[in-house]
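Quick notes on the structure that follows.
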Amino acid sequence: MDNVKSLLAFIEKSPTAFHAVGNIASELGAFGAKRLNEGEKWELSAGESYYVTRNMSSVIAFTIPEDADSLRIIAAHSDSPSFKIKENAELAVRGKYTQLNVEKYGGMLFAPWFDRPLSVAGRVLVRTENGVEAKLIDIDRDLLVIPNVAIHMNREVNDGFKYNAQTDMMPLFGDETAKDGFKKLVAETAGVGEDDVLGNDLFLYPRIKGTVVGHDGEYILSPRLDDLECAWSGLRAFIGAEKPARGINMLCVFDNEEVGSGTKQGADSTFLYDVIKRLFIALGKSEEDLYRALAASFMLSADNAHAVHPNHPEKTDAENCVFMNDGIVIKFNANQRYTTDGVSAAFFHKLLKDKGIPFQHFANRSDAAGGGTLGNISGSHVSINTLDIGLAQLAMHSPCETAGAKDVDHMIGGMTAFYESHVAVGGDGEFFIG
Ligand code: ZN
């Protein structure tokens, strides 16, 4: 249960991808990992851990072994669906209300955003004597509400209602006196003058605190379980695993998975390949060493999965369906939206069976299109054996999601076993696993 408490505390202090990556970076720093900068020369030595961030919202950490003959990579994502505040941030309604002007970030469930306290957090770029500096801010109080339309004014709402992102989802910020107050509030929170705020990336977040529910406390209910649960479990495993003698342990937490990963810091960028290549250059290795290492490398792409819904079990495949608390989910898809194949599944099955860690298998209904995730996207830049895993959860992309309390330990255990394994390759399709 300690891990559940720590996970919920991590999620609570990580209202945006910037905060999540900032918190991961400080835990890596406390662990002794050294910060690298993409703009500086890298000098690396065996036995040490390092990390590098990009855009303050993606991070890659790695530990250098004596023999860098392969990579064990865990990837997860730092972002969650939310509403981003537009540059001209305020809207006036009939001269009496002040709303914030927001647009969708990612594909979320709209309904659970209504009638609950919301706040604003993110990054602001402020003028300094020498140029521009980024600061993370969190207004950190009950600030906004998106009010529902009363049933009396929308009698058909319970028969199905199509929400419009421009007309239905604007949060109420205050009365007419709140006009021009948002920029001021942002500047105050950043501790700078209003004119010194030159840019921003600000998002809404729900004020709900993560909690434990169920007859025996078997479920956790929290914002952003997708995918901070996997990102945080990966961090625990990275920090807790024994330092490897062979093979590089690497943790990647990418931003922008919810909007297709196609940014300079997303999984569909060169970030991962850039880091791997630079790492081999810094270690004085040849290009051939790099390609030999990639042939023996494995990646776990970790992103949560859909548990069987208690009200709608028919939404899932009859047999390849997963339940909360029943262990790590291994995801399959014939069209390779999930990267798992016979080889990567066999490798992971062996690892988990040897350690006695429970696992289960997920495939979409054959008549339903599922979502893709990080594995197949990053695979187009760094092509290695990959499998897609996650933890079973309900209400994915709601601002408050439900998952299994016992699964946190299952994931940390499976990821730790992965970091403590070693793979070498023989011929194509022949793996020596230690
Ligand atoms: Zn996800």
Side-chain angles (χ1 to χ4, degrees), residues 1-17 19-20 23-24 27 76-82 108-109 111-119 121 138 140-142 204-240 253 302-313 315-316 321-329 356-360 362 389-416:
M1 265 329 202
D2 278 356
N3 277 333
V4 167
K5 267 195 196 146
S6 307
L7 166 66
L8 295 180
F10 171 80
I11 291 176
E12 193 183 331
K13 64 181 182 183
S14 304
T16 70
H19 293 81
N23 291 326
I24 290 170
E27 282 206 47
H77 66 88
S78 55
D79 61 326
S80 299
S82 177
M108 76 284 280
L109 292 168
W113 282 87
F114 287 97
D115 304 328
R116 61 193 56 223
L118 306 171
S119 194
D138 178 0
D140 196 19
R141 67 177 169 91
D142 297 347
L204 303 190
Y205 71 91
R207 296 283 290 165
I208 314 154
K209 289 190 192 318
T211 185
V212 173
V213 298
H215 167 260
D216 199 25
E218 60 265 56
Y219 304 123
I220 49 180
L221 177 68
S222 169
R224 301 181 291 283
L225 288 171
D226 169 18
D227 191 28
L228 294 186
E229 188 175 21
C230 288
W232 184 82
S233 300
L235 177 65
R236 295 271 71 77
F238 182 83
I239 287 174
V253 181
D303 198 358
N304 274 357
H306 302 295
V308 171
H309 194 284
N311 294 340
H312 288 283
K315 296 276 183 196
T316 41
C321 57
V322 295
F323 293 91
M324 293 176 286
N325 292 318
D326 279 5
I328 297 176
V329 176
I357 295 166
F359 58 90
Q360 44 187 339
F362 176 87
I389 62 167
L391 291 175
Q393 69 155 89
L394 298 170
M396 193 177 282
H397 293 188
S398 166
C400 200
E401 303 172 321
T402 298
K406 291 181 197 153
D407 280 334
V408 181
D409 285 346
H410 295 151
M411 185 56 96
I412 295 171
M415 288 173 157
T416 304

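Below, all heavy atoms of this structure are taken into account, side chains as well, without hydrogens, waters or symmetry copies.
- Of the possible polar contacts, none joining the Asp79 side chain to the Ala17 backbone as a donor-acceptor pair under 3.5 Å is found.
- The CG atom of Leu225 sits 6.5 Å away from atom CG of Leu7, with the distance rounded to the nearest 0.5 Å.
- Closest non-hydrogen pair, Thr416 versus Ile412, comes out as OG1-O, 2.6 Å.
- Between the side chain of Gln360 and the backbone N or O of Gly327 there is at least one donor-acceptor pair closer than 3.5 Å.
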Query raised in the report: Under the side chain to side chain contact (heavy atoms under 4.5 Å, CB included) criterion, do Thr211 and Leu8 qualify, and how do the steps go?
Result: CA-CA 7 Å; Thr211 185; Leu8 295 180; 5.6 Å; no

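- Taking CG of Leu235 as the reference point, atom CG of Asn23 lies at 10.0 Å (rounded to 0.5 Å).
- By the 4.5 Å heavy-atom criterion applied to side chains, His410 and Pro358 are counted as neighbours.
- Atoms CZ and CG, from Phe323 and Leu394 in turn, are 10.5 Å apart once rounded to the nearest 0.5 Å.
- Between Ser119 and Asp140, the closest side-chain pair of non-hydrogen atoms is not below 4.5 Å.
- Within the structure, salt bridge (charged side-chain N to carboxylate O under 4.0 Å, His left out) pairs that include any residue of residues 226-235 do not occur (at least two apart or interchain).
- Put simply, the side chain of Glu27 reaches to within 4.5 Å of the side chain of Trp232, judged on heavy atoms.
- There is a side-chain donor-acceptor pair under 3.5 Å between Asn304 and Gln393.
- Annotation for Met415 and Ala237: closest pair CB-CB, 3.5 Å, computed over non-hydrogen atoms.
- Interatomic distance, Thr16 OG1 to Arg224 CZ, rounded to the nearest 0.5 Å: 8.5 Å.
- The shortest non-hydrogen separation linking Pro399 to Pro112 is CD-CG, 3.4 Å.
- Closest of all the heavy-atom pairs between Ala305 and Val329 is CB-CG1, 3.8 Å.
- The line from NE2 of His309 to CE of Met396 is 12.5 Å long, rounded to the nearest 0.5 Å.
- Taking all atoms of both residues into account, the shortest heavy-atom contact from Ala307 to Met324 is CB-CG, 3.9 Å.
- The NE2 atom of His397 sits 8.5 Å away from the CG atom of Leu109 when rounded to the nearest 0.5 Å.
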Query - Trace of the side chain to side chain contact (heavy atoms under 4.5 Å, CB included) decision for Cys230 with Asp303 - result: CA-CA 6 Å; Cys230 288; Asp303 198 358; 5.6 Å; no

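- Residues Pro206 and Ile208 have side chains in contact (heavy-atom distance under 4.5 Å, counting atoms from C-beta outward).
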Report task. Determine, stepwise, if the pair Asp138 / Tyr205 fulfils side chain to side chain contact (heavy atoms under 4.5 Å, CB included). Result -> CA-CA 10 Å; Asp138 178 0; Tyr205 71 91; 2.6 Å; yes

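- Minimum interatomic distance between Leu118 and Trp113 (heavy atoms only, all atoms of both residues): CD2-CE3, 3.8 Å.
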